[in-house]
Amino acid sequence: MRRYHLVVIGAGPAGLSAAIEAAKHGMKVGVFDENARPGGQLFKQIHKFFGSKEHKAKIRGFNIGNELLKEAEQLGVDVHLNSVVMGIYDPLHITVAEDDHITSYAGDNILVATGASENMIPFEGWTLPGVIGAGAAQTLMNLHGVKPGDNILMVGSGNVGLVVSFQLLQAGCHVKAIIDAAPRVGGYGVHAAKVARTGVPFYLSHTIVKAEGNEKVERVTIGQVDSHWQVIPGTEKEFDVDTICLAVGLSPMSQLTRIAGCKMVDRGGLVPETDEYGQTSVDGIFAAGDVAGIEEASSAMIGGRIAALAAAKRSGFVTEDEFETEYQNQHASLMKLRKGMFSHENKGRTDLVKTDEGYPLSMSLLKNGYIAEDEIGEYPGVGRTKKVGVHPVIECTQNIPCNPCQDACKFGCIEVGETITSLPVVKEGSKCVNCGMCVASCSGQAIFLVDEEAEEGFATITLPYEFLPLPEKGDKGTALDRSGKAICDAEVTQVRTSGAFDHTALLTMKVPAEMANRARFFQKREGVR
């Protein structure tokens with residue numbers, strides 16, 4: 001029977017990060033994953049990560065996945081693919097279905113990092129072909145290059161629903177609407193805003209009444225719900241769609257920890273009870289990532305490293321002092337991600353009305369997906385002071401853990417401060433050089449470069465653009481406002497691309513001067529130059 005110092009079950013962000021950390025400390029590590037390719041959710045994530053430099057902010061998920069795989073290979077980690085772990089048995093043994101036979105492995109420590117599965121919701125017609133999970137849609141698009149459908153209804157306004165909606169648009173799909181039974185957008189406001197300004201409407205306090213079609217989904221009826229989650233008669237709306245994407249939460253895949261006899265607790269799903277190091281109630285069995293509680297991938301990677309450090313200490317590969325020093329560093333990094341409006345203590349709260357700095361939260365953003373025109377000037381990244389020449393406008397209005405804009409600006413125009421959940425500030429008296437690095441680096445696509453007096457009667461807006469084909473200089477089109485409403489004619493004056501921008505193009509459009517603080521998206525008119 002083959003033996004490892006650490007057996008890792010699951011080759012996602014938590015599992016790979018744990019394997020790397022353990023191998024760095026001299027442990028022999030074996031990673032087991034049921035899929036044909038390691039990396040878990042990372043390779044479906046084409047968007048840029050939030051956080052700070054230490055959390056791999058502004059790096060796209062699939063690039064982080066490639067980095068982890070390369071590092072694991074260099075450290076000699078054994079990765080077993082197409083390997084289904086069937087059970088964990090005393091004393092710290094696993095049985096694995098691989099290569100058409102059953103194999104047993106032993107571990108001095110076992111880390112369970114099996115992730116989570118998508119939730120589904122039943123409704124009339126939910127078994128029709130065309131009803132899929134948002135994660136499945138992401139797999140089709142980003143791993144296999146297949147459009148899930150042409151006309152999509154997204155159910156769920158959490159980060160998954162918002163991110164996948166934007167990626168559906170990038171794939172050339174038409175997202176007819178985003179609906180959610182909750183009365184407020186559940187995910188980051190910047191994710192909602194970048195979808196809303198393309199023209200996708202939000203219907204909060206709405207649910208699906210029924211899906212219809214002969215052999216597949218052809219249309220869907222939604223309706224507004226009351227305070228008891230019941231559909232209000234007469235509020236029904238119908239959409240012609242061929243695909244319904246469900247982004248209604250995740251459930252930890254904790255079956256193996258139950259088999260192993262770990263004490264389980266209900267935290268929005270059954271998870272193994274763990275201490276601050278990821279140690280379960282069974283000595284030598286650890287858990288990290290979504291299986292221990294649903295969080296972002298950045299947090300999962302840190303959780304994996306902490307659990308690996310604890311396993312290394314348990315087996316004598318690190319001293320108590322070494323462990324404490326490294327744990328404190330990792331814990332501090334994790335706590336940076338767990339602050340702000342979306343922190344653990346604020347999860348599920350609907351009574352928040354101000355940012356940490358005391359600015360009023362945008363109620364329009366929470367209820368409609370976009371910041372209203374009469375709200376936007378309240379925030380420190382925007383302000384009402386008239387600027388001369390090109391200057392950044394930062395429409396980041398919630399305390400989320402992210403600060404790459406501060407690092408991107410080498411000229412000191414943008415300041416976030418020591419707490420990465422603080423709202424970014426455009427510093428008075430600073431001089432913008434129009435390099436565009438802040439626009440390209442913003443993970444939430446919430447930064448614009450504006451010149452209100454670019455030429456007589458006209459202003460220019462430089463915005464992040466991640467759709468193909470790219471418009472060209474001279475293209476005529478329509479400028480859309482934050483709600484996705486067409487407000488004026490627009491002309492492309494410049495499109496900048498650079499390796500440093502990492503596939504985010506900087507599109508500059510010219511609009512009437514009075515639209516400088518409203519125009520936020522460019523929509524090309526087909527066949528018009």
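Here the structure is a predicted model, which is why all the values come from computation and not from measurement.
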Where the side chain of [X] meets the backbone of [Y], is there a donor-acceptor pair that is under 3.5 Å apart?
{"X": "Glu118", "Y": "Gly135", "result": "yes"}
{"X": "Thr198", "Y": "Val195", "result": "yes"}
{"X": "Glu357", "Y": "Leu423", "result": "yes"}
{"X": "Ser299", "Y": "Glu295", "result": "no"}
{"X": "Ser364", "Y": "Asn368", "result": "no"}
{"X": "Gln406", "Y": "Val416", "result": "yes"}
{"X": "Asp180", "Y": "Ser157", "result": "yes"}

Would you tell me whether [X] and [Y] have side-chain atoms, one donor and one acceptor, within less than 3.5 Å of each other?
{"X": "Glu296", "Y": "Ser298", "answer": "no"}
{"X": "Thr504", "Y": "Glu466", "answer": "yes"}
{"X": "Arg60", "Y": "Asn63", "answer": "no"}
{"X": "Glu375", "Y": "Ser362", "answer": "yes"}
{"X": "His55", "Y": "Ser333", "answer": "yes"}
{"X": "Glu276", "Y": "His331", "answer": "no"}
{"X": "Gln41", "Y": "Asp290", "answer": "no"}
{"X": "Asp451", "Y": "Thr460", "answer": "no"}

Self-check item: salt bridge (Lys or Arg N to Asp or Glu O under 4.0 Å) evaluation trace for Lys24 with Glu326
Solution: CA-CA 13 Å; Lys24 283 181 178 178; Glu326 294 194 42; over 6 Å; no
Practice problem: Mark yes when over 12 heavy atoms from residues, nucleotides or ligands other than Lys339 sit less than 6.0 Å from its NZ; otherwise mark no. | Solution: no
[Y] and [X], any side-chain heavy atoms less than 4.5 Å apart:
{"X": "His206", "Y": "Lys237", "result": "yes"}
{"X": "Ile294", "Y": "Pro252", "result": "yes"}
{"X": "Thr462", "Y": "Arg496", "result": "yes"}

Nearest 0.5 Å, please: how far is [atom2] in [Y] from [atom1] in [X]?
{"X": "Lys194", "Y": "Ser165", "atom1": "NZ", "atom2": "OG", "result": "10.5 Å"}
{"X": "Ile394", "Y": "Glu415", "atom1": "CD1", "atom2": "CD", "result": "10.5 Å"}
{"X": "Ile222", "Y": "Ile208", "atom1": "CD1", "atom2": "CD1", "result": "8.5 Å"}
{"X": "Leu204", "Y": "Gln224", "atom1": "CG", "atom2": "CD", "result": "10.0 Å"}
{"X": "Ser343", "Y": "Arg338", "atom1": "OG", "atom2": "CZ", "result": "10.5 Å"}

Less than 6.0 angstrom from the centroid, inside 45 degrees of the normal: does [X] satisfy that with respect to the ring of [Y]?
{"X": "Lys44", "Y": "Phe62", "result": "no"}
{"X": "Arg37", "Y": "Phe43", "result": "yes"}
{"X": "Lys176", "Y": "Phe239", "result": "no"}

Exercise. Let me see the working for Arg482 and Glu395 under salt bridge (Lys or Arg N to Asp or Glu O under 4.0 Å), right down to the final yes or no.
Key: CA-CA 10 Å; Arg482 295 178 185 88; Glu395 300 189 358; 2.8 Å; yes
Self-check item: Verdict with supporting geometry, His391 and Glu452, side-chain hydrogen bond (donor to acceptor under 3.5 Å, both in side chains)
Solution: CA-CA 9 Å; His391 60 91; Glu452 287 92 347; 2.9 Å; yes
Quiz item: Do the ring centers of Phe50 and Tyr188 come within less than 6.0 Å of each other?
Solution: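 Yes: the rings meet the under 6.0 Å criterion.
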Practice problem: Show your working on salt bridge (Lys or Arg N to Asp or Glu O under 4.0 Å) between Lys473 and Glu491 and close with a plain yes or no. | Solution: CA-CA 8 Å; Lys473 181 179 179 180; Glu491 179 182 344; over 6 Å; no
Quiz item: With the threshold set at 4.0 Å, does a side-chain nitrogen-carboxylate oxygen contact exist between Arg518 and Glu373?
Solution: yes
Quiz item: Do Arg520 and Leu463 pass the side-chain contact (heavy atoms from CB on, under 4.5 Å) test, and can you show the C-alpha distance, the side-chain angles, and the key distance before you say yes or no?
Solution: CA-CA 7 Å; Arg520 289 297 179 264; Leu463 53 91; 5.9 Å; no
Practice problem: Return the set of residues passing side-chain contact (heavy atoms from CB on, under 4.5 Å) with Ala113 (not counting sequence neighbours), or none when no residue passes. | Solution: Ala14
